[in-house]
Amino acid sequence: MTPLVELEQAYAKAKKNPVFRRRLNHLLASYAGRPTPLTFAGRLTQQLGGAKIFLKREDLCHTGAHKINNTLGQGLLAQEMGKPRLVAETGAGQHGVATATIAALLGLDCEVYMGEEDIERQALNVLRMKLLGAKVTPVASGSRTLKDAMNEALRDWVTNVRTTYYLIGSTAGPHPYPMMVRDFQSVIGQETKRQIRAVERSLPDLLIACVGGGSNSLGLFSPFLSDHDVRMVGVEAGGLGLASGQHGAPLNAGSPGVLHGSYSYLLQDADGQVMAAHSISAGLDYPGVGPEHSWLKEQGRVEYVSITDEEALEAFQLLARMEGIMPALESAHAIAYAAKIAPKLPRNQKMIVCLSGRGDKDLQVVSQALERRGSGFGVRSESD
Amino acid sequence: MSRIDQIFSRLRAKGERALVAYFTAGDPSVEVTEKVVCAAVENGADLIELGFPFSDPLADGPVIQRASQRALQHGMNFERLIRLIELLRARVQAPLVVMTYVNPILRRGGGVIAKDLVQAGLDGLIIPDLPPDESGELGKALRQSGLDLIYLAAPTSSPERLRLIARRSQGFIYLVSLTGVTGARDQLPPDLIQHLRDLRAVTKKPICVGFGISTPEHARVVGEWADGVVVGSAIVRLIEEHASSPDLIRRVGHFIQSLKAPLESRGSGSGARGSQNTKSDPGPRTPDPGPPTP
C-alpha cells in the first residue's frame, strides 16, 4: 500500500507542476508526433451509406499506437520520483515497445514482462523492445498472456519497489493507475473535440473505441462524458462468440470481482478463479477491464458491445482496401462495430472511431488466420 | 479468547515461539494435504496455514504458484476446502488459518463463505490483497463471522500504517520479512530485526514473521524477536519433490521437527535444540518497547 500512496502523492504533485506539464506537452508534440490527425474516411462512409465516419489516427503516433501518450507521462513521473528502473507488462507488445522507447529516451533501465503465448504471436514487437535496450522476460505461468505478465510485473515491483517504477499500460490495476492512465490518454479526446469542431462545427453523435483494459477508449471518451448528446460505445473482444465462453468481454459476459487491485467486471468461475480470456488480438486478451468502464456501464453512460475474431478480421481488410489504412487488430474491433452500425444511422450524423494502433504488428496473425480460412494470399512467413 | 489467542498465550507462558506451517490445500490432493498437516502437528507445528489456491496469486513466488496451479488442476474448490477443514478439525487441536486472495472470498459472498468455514472449524483468515483500510463491508462481514482476520505488515509500512495494522489485526500480526513474494531465501534480510522492533514498539499482539524463512537457523534468529515464524515455500517444495514417494510424510515430519526445535523454550544459553518444554523464559521475548523509531 505504501508505494501506491507515494505514487498517488507524486502524481498529484506533478499534475500541478507547470514544468512537468510543459515537458510532457513538449515531448508529446516533438517526440510522439501529436496532435494526431482526425481523418474523414470518405470511401468507407460512401460504401456503408450512413453516418459520416472519422478516424482518430493514434496509429500515427510514434511507436504506432496510443500507448506512447501514457508512457511519456509516467516515464517523466518515474524520473521525478527518482526511480532509475521501469518495469512493465505487455500483451500485444505495443505498451512494451512504448515503455522501452521512453526508457531509451530518458536513459532508464527497462524490463518488460510478456506472456509466452504473446511472445510467439508478436515476435516483431519482442525484437523491437530488445533493439530499444529493454530486457524482455517471458512469463510461463497461468494462461501465459497479459494477465500473467501483469502478475509478474507486480511481483517484480513489490520486490524492487525502492528502485523501480511500475509503468502500467492500461486503465487497470490498483489506484491511482486507472486514473493516471486515463488522464495521460485523455489528450486523445481533447484533440478530437477541437478537431471535429473545426471541420464540422459541432460535436460528434457517436464515439467508438475498442476496450481491453480500456485506455484508448477512456482517453477518447473522458473529455466528452459531460456532453450528454454524445453517445459512446466500447467494443470488447467477442473472440469465438460470447456463447463459446472463449472471449475477452467481461463487461458483456463477466461479473464483478477483484483482479490486480481493482474491483471491476471480470471473467471468473463460481469460486472466483479468474478464467483465461481469448481474442485474436493480444491487446484485448485480458479477463478484466478498467474499473471506470464498469462504473460507466452501470451508470448507463457508455454502451458496451462485442465483436468476434472473424468480424475483426473482416474489418481489418475492409479498412485496408477502402482507406489504405491497416488497423491494429484491437482497433479493427472498433472499425467492425462502426461498419455494422453506420448504415443504420442518418447521413448527417458523425461518428468517430479511435484507430488506436496500426496493424503492422499483426500481419503474421492475420496471414495465418486468412490461410486457415482458405482466403489467404499464399503469403507464408518463413517461421511457419 | 479465540483458539489462536489461546495458543499464543500458552506458548508465551512457556517462553516458546510458534511454528506456523503453510500448506497449499489440495496439492497434490486433499487426502495428501490432510496427512501432511497431521504429521506437521504431531511433529511440532503450532498453527496450520492452509493456502486456498487462486488463479492469480500475486503475493506468491514460483513454488507456491506451481502448487496453486496443481491444486486447481486437480479440482480444488471451496467445497473440498470445507471438507478438508472438517477432517482436520476432527483430528488436530492446532488453530487452522486459511490464506487466500480477496476475489475467491468476495465471489462466494464474503460473510457467507466465512460462516461455512467457521462451522467447519476454521479459526482465521489471511488475505494479502485486502488492506485493513480498504476492507470495508467485507472486512466487517468477515469479522462478524467469528474468524480472526490477520493482516500483513510490510517492510515499507510507515509507522502510522504499522499502528493501523496492529490495531486491526486479530490473533497475530503477520510481518512480511522482505519486499517481495513468498519463497525460500538463503539469507534473512539485514533490516528484518529493525522492522520487528518497530512493529513491537507499537503492539503487544503476537507477531509472526513470514516470507523467505526456510531453515532452522532462520527460525532460530527470528525466534529471538518474534512470537512465531511462518514457513511455507520450503515445505511446499518438499511436497512437490516427494509427492509420490512413500517417504513423504516422514520427510515432512522430520523437517517440521527441525524447524520447531530452535523455537522451543530456551533454558539458559543456546541449548534449546531438542530440549523439551522446560520452564518459561521471558528472555528477549518482549523487548522494551521504547519510543517508536521514526
Side-chain angles (χ1 to χ4, degrees), chain A residues 1-7 9 89 113 115 139-164 166 172-175 250 254-277 286-288, chain B residues 52-62 65-66 68-69 71-72 75-81 100-110 113 127-134 136 138 151-162 164-165 176 178-183 185 211-212:
Chain A
M1 276 304 285
T2 308
L4 291 170
V5 174
E6 282 169 9
L7 177 60
Q9 288 164 353
E89 80 295 336
Y113 290 91
V139 177
S141 58
S143 61
R144 308 189 306 142
T145 60
L146 181 55
K147 103 178 151 68
D148 310 283
M150 202 153 165
N151 288 341
E152 216 45 51
L154 275 161
R155 290 185 186 114
D156 181 315
W157 190 42
V158 300
T159 305
N160 302 302
V161 64
R162 293 180 177 102
T163 57
T164 299
Y166 179 23
H175 179 73
S255 52
V258 176
L259 177 65
H260 299 142
S262 49
Y263 182 59
S264 191
Y265 278 81
L266 191 59
L267 302 178
Q268 57 182 332
D269 72 10
D271 266 0
Q273 306 294 349
V274 180
M275 299 194 298
Y286 183 61
Chain B
F52 178 68
F54 177 48
S55 53
D56 295 80
L58 270 177
D60 287 304
Q65 285 176 41
R66 285 198 300 272
S68 304
Q69 233 159 349
L72 288 173
M76 192 60 196
N77 58 28
F78 271 115
E79 279 56 48
R80 291 185 186 186
L81 178 70
T100 191
Y101 292 81
V102 68
N103 198 53
I105 296 289
L106 200 62
R107 178 71 169 160
R108 291 292 296 257
I113 189 69
I127 309 180
D129 58 346
L130 186 69
D133 40 347
E134 297 208 351
L138 178 62
Y151 287 110
L152 284 79
T156 48
S157 300
S158 62
E160 191 183 309
R161 263 200 95 67
L162 286 182
L164 172 76
I165 291 161
V176 175
L178 41 76
T179 56
V181 294
T182 60
R185 313 286 203 281
F211 284 44

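Lettering follows sequence order; numbering is per chain, from 1. Atoms considered below: every heavy atom in the structure, side chains included; atoms not considered: hydrogens, waters and symmetry mates.
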Is A/V274 in contact with chain B via its backbone, its side chain, both, or neither, using a 4.5 Å heavy-atom distance?
both
Could you check A/L154, A/V158, A/L259 and say which one makes a side chain to side chain contact (heavy atoms under 4.5 Å, CB included) with B/L58?
A/L154
Which bit of B/D60 is near chain A, if near means a heavy-atom gap under 4.5 Å: side chain, backbone, both or neither?
backbone
Run the ring-ring contact (aromatic ring centres under 6.0 Å, His included) test against A/Y113 and tell me which residues pass, sequence neighbours left out.
none
Between A/Q273 and B/F52 the two heavy atoms that sit nearest each other are NE2-CE2, 4.0 Å
Thinking salt bridges, do A/D271 and B/R107 make one under a 4.0 Å N-O criterion?
no
So what's closer than 4.5 Å to chain A heavy atoms on B/P132: side chain, backbone, both or neither?
neither
Which atoms of B/V181 approach chain A - backbone, side chain, both or neither, heavy atom under 4.5 Å:
both
Using non-hydrogen atoms and a 4.5 Å limit, figure out which bit of B/L72 sits close to chain A: side chain, backbone, both or neither.
side chain
Is A/Q268 in contact with chain B via its backbone, its side chain, both, or neither, using a 4.5 Å heavy-atom distance?
both
Tell me, for A/P174 versus chain B, whether the close heavy atoms (under 4.5 Å) come from the side chain, the backbone, both or neither.
neither
Apply side-chain hydrogen bond (donor to acceptor under 3.5 Å, both in side chains) to residues B/D56 and A/N151 and explain how you reach the verdict.
CA-CA 7 Å; B/D56 295 80; A/N151 288 341; 2.8 Å; yes
Kindly write out the residues that satisfy side chain to side chain donor-acceptor pair (under 3.5 Å) with B/S158, not counting sequence neighbours, or none if the list is empty.
none
